[in-house]
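Below you'll find the structure, written out as structure tokens, and then a few comments.
For ligands, and for the atoms within them, numbers begin at 1 and follow the listed sequence. Note: hydrogens, waters and symmetry copies are ignored here, and every other heavy atom, side chains too, is used.
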Amino acid sequence: MAEPEVDLNKKYDAVIIGSGAAGGMAAHVLTSHGLQVLLLEAGKKLNIEQELRSMEWPYDNAHRGGLPPGSHSLNHNEYTIRRPPYGPGFEKSKNLYNYIGNSDYTKNIVVNERDNPYTGTNYAWVRARCLGGKTNIWGRLALRLSDYDFKAKDRDGYGENWPISYSDIAPYYDKVDLYLGITGVKENLPYLPDSIFQRPTKLNCAEVTLKQGIQKMGRVLTQYRAGVTTDGLKHNKYRSRCYGRGACSRKGGCDIHAAFDSPTGLIYPAMDTGNLTLRTDSVAREITVDPATGKASGVHFTDSQTMKDYTVRGKAVIVAASTLESARLLLLSKSRLYPNGLANSSGHVGHNFCEHIMGPYVAGQATDLVGKPPTLDDGRPGSFYLTRFRNLAEKHPKFIRGYGFEGGSGSSMFPPGTDSSGFGASFKEEIRKNQGSYIAMGAFGEVLSRYENFVDLDPLVKDKWGIPALRFHYKFGDNEHRMAADMKETAQEMFEAAGFKIIFVSDRVLTEGWSIHELGTSRMGNDPKTSVLNQFQQSHDVKNLFVVDGSAFVNASCQNPTWTIMALCWRSCDYLADQLAKNDL
Ligand SMILES: Cc1cc2nc3c(=O)[nH]c(=O)nc-3n(C[C@H](O)[C@H](O)[C@H](O)COP(=O)(O)OP(=O)(O)OC[C@H]3O[C@@H](n4cnc5c(N)ncnc54)[C@H](O)[C@@H]3O)c2cc1C
Ligand code: SF4
């Protein structure tokens, strides 16, 4: 694939910052409209198949798949006890990674925390600086939002409604489904709309038992809706259909790209149009502004390797650096015209920051499966999703909004139970006997969007490139803690209804950020005084500036966000192309 050089004398139709789910989608849609697009990505273009090595056996890896000496990945306690995470106590570790960078397969995909510091309240911030960003290792659960989310304020009076309804975005969800592929089963649920699904995966015995056990409670368990092509995609030569190797569940990523990732799903096809120029190792540090018009004029970036600075020009600038990095970039882009940062006349940039609370879970055993012959259960790209049931028809007395569970069961390459005590033949026999009978699930719940939860720039700390670091002011609130207590109770109640032996139930809440679903820092709305973007993710203040990632979310809902990020981005980029054609930007 020929990669054209960046032309610094050219005014591109659009300059996109970031190449993850959002930036990749923007590149796909805008190049399909025939626009000349430049995509700037801060990280490297990795040889991703070489990184992921999906079929490598643990015994073929020098460190059994773990990190080499001199490298350390932060665990839960280290995020909460030591502040900041890369501070004293970690001197021996030259390379320090977030909790996802805990394997030989992910260590080069996530950032080295030492080069990319952040400050403030505890937060497990997972960043992937490379072509494709976090989509290289995402968990693949691909869910739609509904009017229960877009119009949540109408139901409980809290927060703001989105300026769009499900009917506005539904055609774009369909486009994403058809272009990228998704597996699942139709359930006809008004609060979790179906996608256009390809061949579904199968539930195993204990999962079917749970599904049937909770049916009488009016609760729904369905196959994992994975952003994976199980039937293949005739229009995409870079991706294979899923062969059910389960490697994506073991360590993240799929080296044959059956699981969606932005480079093979969006960026390489966009490059094939001849309309896309890609520049990796390009750290955007400011969006430049034309003082005469107040419009965005381009992007000032630093080459991450040579440290040289460049400026490129564009008719439109599209920020897609991921929710928190996008907020950082807008706040960094101060000028005489915009002293509080770009697109920030409302003072809402960085605020209303929300995500999903995680932690409470239950583990149990289907005792009727003990001693049964092993079955191939981890040869699939996901297990099950138990959908939201709180605050739909009835109001819960203690909290608003809802949560869902992700879980799984069955035989697997690394069976649960190996951490129990024992040794020798009797220990092995015990593991073999029990291994296929375990089942577990953990919850993801909506964190309310609140102005008081925000990020800003640290006045002192800078990253490796001299760019001010992000500072967190973010805590879960009472609603989240009450919801977490309920998650534990309902998890236990559902396992009991299914007849499982309960092994462990936890209501321990994981550190803020653990869900990796950060959202809301430049929310959309109709009122420029209380929102940053309009319904097309276009800045109220700067007409030719768009922020197309999770920043625009008005609330977090409890569904995983990536499919919605891409559907919204597609809709906004169609609008942008139309406005450019009319010369109205
Ligand atoms: C382990 C894991 C599991 C997950 N599971 C799920 C799941 O099951 N379902 C789901 O919906 N979501 C899941 N997610 C979240 C999902 O990956 C994100 O929602 C999605 O990738 C967001 O897309 P994005 O484009 O906003 O950000 P990213 O994918 O993070 O891409 C942003 C890109 O911008 C680049 N960038 C940042 N700053 C700059 C700068 N200054 N200049 C230039 N470039 C810059 C970054 O290097 C990066 O490549 C998971 C994530 C992880 C890590
Ligand atoms: S199960 Fe499918 S998506 Fe997952 S690694 Fe295997 S081929 Fe890829």
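Ring-plane geometry between His517 and His356 is classed as perpendicular, the angle between the planes exceeding 60 degrees on a 0 to 90 degree scale with a lower cut at 30. Aromatic ring pairs are classed by plane angle as parallel below 30°, tilted from 30° to 60° and perpendicular above 60°; the pair Tyr268 and Tyr238 is perpendicular.
Annotation: atom 42 (N) of ligand 1 to nearest protein heavy atom, Ala284 N, 2.9 Å. For atom 1 (C) of ligand 1, the nearest protein heavy atom (residue, atom name, distance) is Ile137 O, 3.5 Å. Looking only at heavy atoms of the protein, atom 51 (C) of ligand 1 is closest to Ile516 CG2, 3.8 Å. Ranking protein heavy atoms by distance to atom 22 (C) of ligand 1, first place goes to Ile565 CD1, 4.0 Å.
When the options Ser551, Cys569, Ala321, Ser262 are ranked by their closest heavy atom to atom 38 (N) of ligand 1, first place goes to Ala321. With atom 5 (N) of ligand 1 as the reference point, the heavy atom nearest to it among Ala21, Gly43, Gly139 is part of Gly139. Atom 30 (O) of ligand 1 has its nearest heavy-atom neighbour, among Lys134, Lys44, Arg225, in Lys134. The closest non-hydrogen atom to atom 27 (O) of ligand 1, taken over Ser322, Gly20, Ser304, comes from Ser322.
For the pair Cys130 and ligand 1, a heavy-atom separation below 4.0 Å is found. Residue contact annotation: Ser282 has a non-hydrogen atom under 4.0 Å from ligand 1.
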| task | Take Tyr385 and Tyr224 through the ring pair (Phe, Tyr, Trp, His ring centres under 6.0 Å) test and state the conclusion after the steps. | result | CA-CA 5 Å; Tyr385 184 66; Tyr224 202 77; 7.8 Å; no

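Here Tyr361 pairs with nothing under the side chain to side chain donor-acceptor pair (under 3.5 Å) rule; sequence neighbours left out.
Ionic pairing of Arg127 and Glu113 is present here: one or more N-O contacts between side-chain nitrogen and carboxylate oxygen are shorter than 4.0 angstrom. Remark: Arg114 does not engage Asp463 in a salt bridge, criterion side-chain N to carboxylate O under 4.0 Å. For the pair Glu187 and Arg225, the salt-bridge criterion is not met [side-chain N within less than 4.0 Å of a carboxylate O]. Ion pairing of Arg328 with Asp456 is absent here, as no side-chain N (NZ or NE/NH1/NH2) approaches a carboxylate O to less than 4.0 Å.
For atom 8 (Fe) of ligand 2, the neighbouring protein N/O/S atoms at less than 2.8 Å, given as residue and atom, are Cys254 SG.
For the pair Arg199 and Phe197, the NZ or CZ position fails the cation-pi test of under 6.0 Å to the six-membered ring centre and within 45 degrees of the ring normal. The side-chain tip of Arg388 does not point at the ring of Phe405 from less than 6.0 angstrom away and within 45° of straight on.
Near Ala22, the atoms of ligand 1 lying under 4.0 angstrom from a non-hydrogen atom of the residue are 25 (O). Close approach of ligand 1 to Arg140 is summarised as follows: ligand atoms under 4.0 Å from at least one heavy atom of the residue are 7 (C), 8 (O). Residue Gly246 has at least one heavy-atom neighbour below 4.0 Å for each of these atoms of ligand 2: 1 (S), 6 (Fe). Residue Gly18 has at least one heavy-atom neighbour below 4.0 Å for each of these atoms of ligand 1: 33 (C), 34 (O), 35 (C), 44 (N). Residue Ala128 has at least one heavy-atom neighbour below 4.0 Å for each of these atoms of ligand 1: 46 (C), 47 (O), 48 (C), 49 (O).
Thr302 pairs with exactly one of Arg285, Lys308, Lys464 by the side-chain hydrogen bond (donor to acceptor under 3.5 Å, both in side chains) rule, that one being Arg285.
Gln50 places no side-chain N or O within donor-acceptor distance of the main-chain N or O of Asn47, the cut-off being under 3.5 Å. When atom types are taken as modelled, the side chain of Arg239 and the backbone of Leu180 share a donor-acceptor pair closer than 3.5 angstrom.
Under 4.0 angstrom from ligand 1, the non-hydrogen atoms of Ile100 all belong to its side chain. With a 4.0 Å cut-off on non-hydrogen atoms, Pro561 touches ligand 1 through its backbone as well as its side chain.
Few gaps surround NZ on Lys10; more than 12 heavy atoms of other groups in view lie less than 6.0 Å from it.
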